[in-house]
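Letters go in sequence order (proteins before strands), and every chain restarts at 1. Because the structure is predicted, anything quoted here is derived from the model rather than measured.
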Amino acid sequence: MNIRHIHPWDVAAAEAIAIQRRLASQVSHQNGIPPVVQRIAGADLSAPDKEGYVQCAVVVLDFPSLQLVEIVTARGKPSFPYVTGLLSFREAPLVLEALERLAHPPDLLLADGQGLAHPRRFGLACHLGLLTGLPTIGCAKSLLVGVHGLLPLEKGASASLHHKGEVVGAALRTRHNVRPLYVSIGHKVDLPSAMHWVLACCTRYRVPEPTRLAHVAAAGKSKTTPP
DNA sequence: GCGACAG
DNA sequence: ATCTTGTCGC
């Protein structure tokens with residue numbers, strides 16, 4: 001896959017915020033997912049080891065079988081610390097490195113973090129989408145910004161997520177009686193479509209298969225990681 | 001000033 | 001992300 005390298009990563013927090021503000025206006029909120037989806041990818045990083053190294057995994061699944069097609073991993077020591085609201089400056093470089101080596105480009109990418117549901121409307125999913133040109137969806141396990149009402153307990157139930165007068169995403173129940181997932185537009189997708197594709201990837205677990213398997217692969221499981 | 005805060 | 005036991009449910 002070709003990656004668009006349009007800004008440096010080795011920046012101070014203030015410049016990272018400026019970059020986010022500049023790029024946020026380029027995010028597409030329109031559904032650009034192809035009519036026939038053949039492959040869906042998920043990306044995630046492991047927690048840092050004792051020396052600060054992390055492993056990124058991008059997994060590609062066939063759709064609709066959700067069978068594993070490809071795994072690419074990338075290991076490294078993030079130069080940027082974890083700062084709330086600047087997650088992509090820590091995680092995106094390794095994800096892009098893995099995406100660059102992908103032999104089977106996906107039609108859609110799920111990111112483990114927010115998309116538009118971000119203080120500057122430019123979470124990790126937006127950043128990855130903009131730099132790859134892929135349709136992306138933010139798929140976070142907890143809330144960063146915004147508020148929402150109660151939602152029914154059944155799978156598929158949702159409540160819109162509001163922040164500063166805007167709808168920035170949705171709380172989406174992906175299994176019966178579990179905490180909702182926070183779904184938002186990353187790039188080239190609209191919110192109803194994002195919710196649809198997340199649900200289409202949820203089988204047995206709260207987390208959709210692409211990001212769930214990426215999480216497993218990033219942690220280095222023998223079942224999924226090639227020796 | 002205080003609280004909140006993706007991974 | 002991690003610290004943390006037993007326990008309830010499918």
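One atom, NE2 of A:His215, and another, C1' of B:dG7, lie 10 Å apart when rounded to the nearest Å. Computed from coordinates, the A:Arg212 CZ to B:dG7 C1' distance equals 19 Å when rounded to whole Å. A:Leu128 has its CG atom 14 Å from the P atom of B:dG7, to the nearest Å. As rounded to whole Å, 15 Å separates atom C1' of B:dG3 from atom CG of A:Leu143. Separating the NZ atom of A:Lys50 from the P atom of C:dA1 is a distance of 18 Å, rounded to the nearest angstrom. Between A:Phe122 atom CZ and B:dA6 atom C1' the separation is 15 Å, expressed in whole Å. One atom, CG of A:Leu116, and another, C1' of B:dA6, lie 14 Å apart when rounded to the nearest Å. When rounded to the nearest whole Å, the span between CG of A:Leu124 and P of B:dC5 equals 19 Å.
Nucleic acid contact for A:Gly85: base, since at least one base atom lies under 4.0 Å from a heavy atom of the residue. Heavy atoms of A:Leu45 sit nowhere under 4.0 angstrom from any nucleic acid atom. Note on A:Leu181: nothing from the nucleic acid sits closer than 4.0 angstrom, heavy atoms only.
A donor atom on one side chain and an acceptor atom on the other are found under 3.5 Å apart for A:Arg120 and A:Gln20.
Placement of A:Leu45 and A:Leu131 within a single hydrophobic cluster is found when ILVMFWY residues are connected by side-chain heavy-atom separations under 4.5 Å, directly or transitively.
Separating the C1' atom of B:dC2 from that of C:dT5 is a span of 34 Å, rounded to the nearest Å. Taking the P atom of each, C:dG6 and B:dG1 are spaced 45 Å apart, rounded to whole Å. Spacing between B:dC5 and C:dT2 at atom C1', rounded to whole Å, works out to 16 Å.
Between A:Trp9 and A:Phe80, the gap from one ring centroid to the other reaches at least 6.0 Å. In this structure, A:Phe122 has its ring center no closer than 6.0 Å to that of A:His187.
Distances shown here put a side-chain N or O of A:Lys141 below 4.0 Å from the OP1 or OP2 atom of B:dG7. Contact between the side-chain N/O atoms of A:Ser142 and the OP1/OP2 oxygens of B:dG7 is found at a separation under 4.0 Å.
Among the nucleotides C:dT2, B:dG7, B:dA6, the one closest to any side-chain atom of A:His118 is B:dA6.
Heavy-atom distances to DNA chain C give each of A:Pro48 and A:Arg175 a nearest nucleotide, and the one nearer the 5′ end belongs to A:Pro48.
Atom CZ of A:Arg179 sits in a sparse spot, with 12 or fewer heavy atoms from other residues, nucleotides or ligands closer than 6.0 Å.
Between A:Tyr82 and B:dG7, a base-stacking contact is recorded: ring centres under 5.5 Å apart, planes less than 30° from parallel.
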